[in-house]
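What follows is a set of notes on a single structure, which appears directly below.
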Amino acid sequence: MKQTKRRILAWLMTVVLVLSVVTVLTPAKEAEAAAATAVSTHGKLAVKGTQLVDKNGQPFQIHGVSTHGLQWFGQYNNKAAYQTLRDDWGANAIRLAMYVDEGGYYSDRNGMKKKVTDGVQYATELGMYAIIDWHLLNVNPKNYTSEAKSFFKEMAQKYKNYDNVIYEICNEPSNCPWSDIKSYATEVIQTIRAYDKDAIIIVGTPTWSQLGNQGHTYEPADDPIRGYSNLMYAFHFYASESSHNQWLTAKIGTAIDKGLPVFVSEFGLSEASGNGNVDLNKAAEWMKRCDDRNVSYCVWSLCNKNESSALIRSSCGKTSGWNIDDLTKAGQFIRNHYRSRMENTAENNPEVKNLAPNITVSYKTHVQTFGWENEVSNGKMAGTVGSAKRLEGITIRVSGDSNLGIRYKTHVQSYGWQDWKENGVMSGTTGEAKRLEAICIELTGANKDKYDVYYRVHAQTYGWLDWSKNGEMAGTEGLAKRLEAINIVIVPKGANPGVATSKTFVSAYPGSINYKTHVQTFGWENNWRADGTMSGTSGKAKRLEAIQIRLGRNINGGVRYKTHVQTFGWQNWVSNGTTSGTSGLGKRLEAIQIELTGQAAQQYDIYYRVHVQSYGWLDWAKNGQMSGTSGLAKRLEGIQIVLVPKGAAAPGKTARACINR
Ligand code: IDC
């Protein structure tokens, strides 16, 4: 009896297990089908302490783009534009700047509302966050209370079930005390919360959203709005405005330290006028200030107005699908920076275990279009992913052990392997538009045997390869594929970094001996043949016209060969991948000789046989013997080549390798 019960129980548990596996798998599969977006991954945002967090409570950063005034540049409020910002720039939010004055909402309530709701719709379809910005400027928001309440009531009713909508209730108040803003905000927040219980609400702050008066006043931080969750406070800066650089740089950190959740709902790279100088060094400092604290931001503005804060060049009429040259100096900087934030993912910056304590490996890359990027260290990604930009140069250095150094060599497009470079000296090129294709890195110095260096590269088409170690090649060979990004780490000798190490290098030369032929009508074969695979054709009456042969990278030494060409006779020896024969002249190969050189000749015998018009396959020739015919005017049609260990058996019959008339 007991046993039966137990059996039934076991059976039931199996059923439950099977069912739960099925239910777990099904939604996961569905999710895989639709591409992950910011909103599908991070869902409804919230505020935890001073930090914006996602649905899992993980810190989350918005890098958004603000429209210009929707009444003026509404043409950029389109789905294709936002998709470009999402896919090409790495933006995850759109801020819909609905001016209230200056021809905005007060002049055309329905028209402006339509623009906002259209924009929210596009963002929602694209899985982006949408910020509805009641774009008051230079005014006391109190005077707009009843209009704001009726607008946000409508919005909150409409979007209460959306995960991606954020309300920004007064862009830039000025000439009014915090107490006025606070009482306005409290009323509008109440209105929104009557419908939308938990969406993020951004409150503007005194002096054009500078968190207080210029200087060191922190009215909102010292006297925040209480009783509501998920409130954030606007902080706006213009990176090239001297007064902002004077008064605001410390403010953002201090306000956060005081406990205020800060959101940079608008910033520009220009001066505060929206025009004038664009200082990219200052811009980079400002981005770092925000990124270091994981503060979210939206850049001003998506338009082609002839002002330096505009992201699109005034000469460009496109309203989506911009390429780099369509972007202004500010636009290019923002795209680059946003991409780097997007690339700041676990996949690109994997956690590597057992890093050597106290050792830092630092490296930076020179990237097509963007130039030198910031130096990163200890496994962080250098370069880009998803930008289709080649790495052109790299520097690597180590610190933390004065008896440890590092050297590296790169394989550069057209030039091939470069000499070793050491300790921060550049390997590769700049200004020559040459891609890096592969890299080797190894440690130097008296303590080099105390550590292992691991590195992996992101190669065009192949993506992230596995991790190479201590001088092994990482990248590709013979495939004309650019390196795009790299991670490097150092671990104590023999420590397990917990990373995959099997597929570290992709070679176009798949075997020990590789070859391809130029075939009548068809031209050069696309892929290298290897180790006895036939190159050419049989039964198609097509002549071989030329051949290239090279050793695989696991074989030291060389290979040389010469061909007998119709009309021209024997050609000179050529070696290691150089073409022997002709193309475009309609001349057949009639015979070939192949031999190994250097170390390979000591270790291997090279065998080859040809497929000849009228005769079919001849027998195998060896180490420089002639293979083919002479004086018979017969075309070669196919060839096979193999290496065998010196003195080992031939791959087949050898009696009749050539036929002479
Ligand atoms: C500016 C625009 C400019 C427009 C002006 C109209 O760049 O083309 O003529 O508004 O008022 C802000 C404001 C934002 C400003 C921007 C630049 O939020 O509306 O846009 N700025 O001056 N605060 C600081 C700077």
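Values reported hereafter were calculated over all heavy atoms of this structure, with side chains retained and with hydrogens, waters and symmetry mates removed. Atoms within each ligand, like the ligands themselves, are counted from 1 in listed order.
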Q. Is the cationic atom of K251 (NZ for Lys, CZ for Arg) positioned less than 6.0 Å from the six-membered ring centroid of Y218 and within 45 degrees of its normal?
A. yes

Q. Which atoms of ligand 1 sit under 4.0 Å from any heavy atom of S273?
A. 17 (C), 22 (O)

Q. Polar-atom distance check: S309 versus ligand 1, any N or O pair below 3.5 Å?
A. no

Q. Can you find an N or O of W72 that's nearer than 3.5 Å to an N or O of ligand 1?
A. no

Q: Output the list of atoms in ligand 1 that are nearer than 4.0 Å to some heavy atom of K305, sorted by atom number.
A: 3 (C), 4 (C), 8 (O), 9 (O)

Q: Determine yes or no for a side-chain-to-main-chain donor-acceptor pair under 3.5 angstrom, with N164 supplying the side chain and M128 the backbone.
A: yes

Q: Working to the nearest 0.5 Å, report the span between CE of M98 and CZ of F151.
A: 3.5 Å

Q: Please work out whether any backbone atom (N, CA, C, O) or any side-chain heavy atom from C-beta onward of E266 is under 4.0 Å from ligand 1, and answer side chain, backbone, both or neither.
A: side chain

Q: Pull out every atom of ligand 1 sitting under 4.0 Å from any heavy atom of N171, numbered as shown with elements.
A: 18 (O)

Q) What atoms of ligand 1 come closer than 4.0 angstrom to any heavy atom of Y99? A) 1 (C), 5 (C), 6 (C), 10 (O), 11 (O), 14 (C), 19 (O), 20 (O)

Q) Any idea which atoms of ligand 1 are less than 4.0 Å away from a heavy-atom of H135? A) 13 (C), 14 (C), 18 (O), 19 (O)

(Q) With the threshold set at under 4.0 angstrom, would you say H236 reaches ligand 1 through any of its heavy atoms? (A) no

Q) By number and element, which atoms of ligand 1 are closer than 4.0 Å to a non-hydrogen atom of L137? A) 11 (O), 13 (C), 18 (O), 19 (O)

Q | For atom 17 (C) of ligand 1, the option (of A272, G276, G268, S308) bearing the nearest heavy atom | A | A272

**Q.** E102 neighbourhood, listing ligand 1 atoms whose heavy-atom distance to it stays under 4.0 Å
**A.** 6 (C), 11 (O)

Q) Just wondering, more than 12 heavy atoms not from Q246 lying within 6.0 Å of its CD? A) yes

Q.
Give me the residue, atom name and distance of the protein heavy atom closest to atom 7 (O) of ligand 1.
A. E307 OE2, 2.7 Å

Q | Atoms of ligand 1 close to E172 [distance to a heavy atom under 4.0 angstrom, numbered from 1] | A | 12 (C), 13 (C), 18 (O), 23 (N), 24 (C)

Q. Heavy-atom contacts under 4.0 Å between N275 and ligand 1: side chain, backbone, both, or neither?
A. neither

Q. Can you tell me if CG on N213 sees more than 12 non-hydrogen neighbours from other groups inside 6.0 Å?
A. yes

**Q.** Neighbour count >12 (heavy atoms, 6.0 Å) for atom CG, N138
**A.** yes

Q.
For the residue pair R335 and Y338, would you count it as a cation-pi contact if the rule is NZ or CZ under 6.0 angstrom from the ring centre and within 45 degrees of the ring axis?
A. no

(Q) So for atom CH2, which belongs to W89, do other residues, nucleotides or ligands contribute more than 12 heavy atoms lying within a distance under 6.0 Å? (A) yes

Q) Using a heavy-atom cut-off of under 4.0 Å, does the side chain or the backbone of A97 touch ligand 1, or both, or neither? A) neither

Q. Is the backbone of K318 close enough, under 3.5 Å, to the side chain of D326 for a donor and an acceptor to pair up by distance?
A. no

**Q.** N230 side-chain N/O to A46 backbone N/O, donor-acceptor pair under 3.5 Å
**A.** no

Q. What's the shortest distance from atom 2 (C) of ligand 1 to any protein heavy atom, and which residue and atom give it?
A. H68 NE2, 3.3 Å

Q: Using a cut-off of 6.0 Å, state whether more than 12 heavy atoms not belonging to K288 lie near its atom NZ.
A: no

Q) For atom 16 (C) of ligand 1, what is the nearest protein heavy atom, given as residue, atom name and distance? A) Y238 OH, 3.3 Å

**Q.** Other residues, nucleotides, ligands: >12 heavy atoms within 6.0 Å of K44 NZ
**A.** yes

Q | Region of W208 engaging ligand 1 - heavy atom pairs below 4.0 Å | A | neither

